[in-house]
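Naming: A, B, ... by sequence-line order, numbering from 1 per chain. Computed from heavy atoms alone, side chains included, the values below leave out hydrogens, waters and symmetry copies.
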Amino acid sequence: MEIRQVVGSLVCTHRVAGLGHWDLRLLQDTKGKHYVATDPVDARPGDWVFVVSGSAARYAMGDAGILTDLTIGGIIDRWEEERAAAVEPTAFGAARAA
Amino acid sequence: MEIRQVVGSLVCTHRVAGLGHWDLRLLQDTKGKHYVATDPVDARPGDWVFVVSGSAARYAMGDAGILTDLTIGGIIDRWEEERAAAVEPTAFGAARAA
Amino acid sequence: MEIRQVVGSLVCTHRVAGLGHWDLRLLQDTKGKHYVATDPVDARPGDWVFVVSGSAARYAMGDAGILTDLTIGGIIDRWEEERAAAVEPTAFGAARAA
Amino acid sequence: MEIRQVVGSLVCTHRVAGLGHWDLRLLQDTKGKHYVATDPVDARPGDWVFVVSGSAARYAMGDAGILTDLTIGGIIDRWEEERAAAVEPTAFGAARAA
Amino acid sequence: MEIRQVVGSLVCTHRVAGLGHWDLRLLQDTKGKHYVATDPVDARPGDWVFVVSGSAARYAMGDAGILTDLTIGGIIDRWEEERAAAVEPTAFGAARAA
């Protein structure tokens, strides 16, 4: 899964029937690229979330008939802190002994 | 899902039977890269749309036998305005408290 | 789907049984990166084509047992002209009114 | 599959039901980009791992109902040594004779 | 499918059951990025190969229960020669007449 920030919602009157009236969240990655995702966890602008793609995205909506390829899987509680606390990759050098 | 702009249509006389006579829209991303998508919502050149990929793309055509991997999922009503109104990512800093 | 140019064919004596004796076309994108695709439409070097990926690639071969993840979906009749005629993205500014 | 380093875990109170209470590992690639993966092999921060994506990611959790698109497939025993010992690509020039 | 060079093998004692004791080949693309693939054609370091991804990767192992998302599909007989002989893309300009 990948990490995005919710930056808004999209209004799309003309859409395929398979998306019903589901909210379409506008997300952004750290390089400013935009994505569109369905949202079963009621995320709000500013929330950092992780997204699920592929066939799992449809199941994550609770109904495989919902025609999305990207769904918000959850809201990260304290992303700024967890990002800062993330292990400094080089600190570990070689992986653990077998 | 990702966001593209419709920039034309493609004429492809030699094509696999699984695509029938469906229109093939020519799309472009913000870096100028081209994509080809099937179009169940009758989008027109200039429209900003979001696209659905993978197996969901086939279902979005209403017939999983249509052999596409990218389908226009909907037309964004006012993309320029919504892009401008999108939350400034850094404005929120830490995600909401749990 | 994405757009590629056919630049040759590949000889692969050691291959998985699931690819039988199908021709393997060598394709190239506009950045010079190479791809390998199965070809049910008899494309020739120099042809501009669009490719279908994922599970649709297997179905596009007419037999889901053919173990490809990329299949030529069709030959674009006049790509140079269609690329030139493609709408200048900024020309349209805001999307159409709802 | 691709290679990542485990750099921590994520706390996500609001998540889709399909992820249950599974630990969510925070991974990083060699360019510093972050990913989120489910972990059936109990990897620890600092471990170099390979990840499985797509539908195989769900099966790798032992239960296709677990809604992930990225799962840790295994821990690489001595990645630093194996990376250093990897064949210098140009050393071989042409592939072996048929 | 994409083209890679085999540069070694990986030792992974801790791995998901769905990968059994299959060899895990270490591959590299032309930009030096590493990948991990299962290998049903017994490729050796230095071989140029093409890889199959997605659900086709599992079928290419002859057993869809083998939890890989990348499998070596075949060994390219003379990649250096075929790459050199590949059509110079611009040589053809417009695609053939319909």
Taken to the nearest 0.5 Å, the spacing of A:C12 SG from B:I75 CD1 works out to 9.0 Å
Rounded to the nearest 0.5 angstrom, the CZ-CG distance for B:R83 and A:L26 is 10.0 Å
By residue number, those in residues 66-74 of chain A with heavy atoms under 4.5 Å from heavy atoms of chain B are A:L67, A:T68, A:D69, A:L70
By side-chain contact (heavy atoms from CB on, under 4.5 Å), A:D29 pairs with (sequence neighbours left out) A:R4, A:K31, A:K33, A:Y35
Run the ring-centre check on B:W48 versus A:H34 and record whether the distance is less than 6.0 Å.
no
For residues 50-63 of chain B against chain A, heavy atoms under 4.5 Å, the residues are B:F50, B:V51, B:V52, B:S53, B:S55, B:A56, B:Y59, B:A60
When the 4.5 angstrom heavy-atom criterion is applied to A:L10 and chain B, the contacting part is both
Can you confirm whether A:L24 sits close enough to B:I76 that some side-chain heavy atom of one is under 4.5 Å from a side-chain heavy atom of the other? no
Requested in this report: Would you indicate whether the side-chain heavy atoms of B:R78 and A:V11 approach each other to under 4.5 Å?
Outcome: yes
For residues 8-28 of chain B, the salt bridge (charged side-chain N to carboxylate O under 4.0 Å, His left out) pairs (sequence neighbours left out) are B:D23-B:R25, B:R25-B:D39, B:R25-B:D42
Of the listed A:L19, A:V36, A:L27, A:T30, the one with the largest count of heavy-atom pairs under 4.5 Å with chain B is A:V36
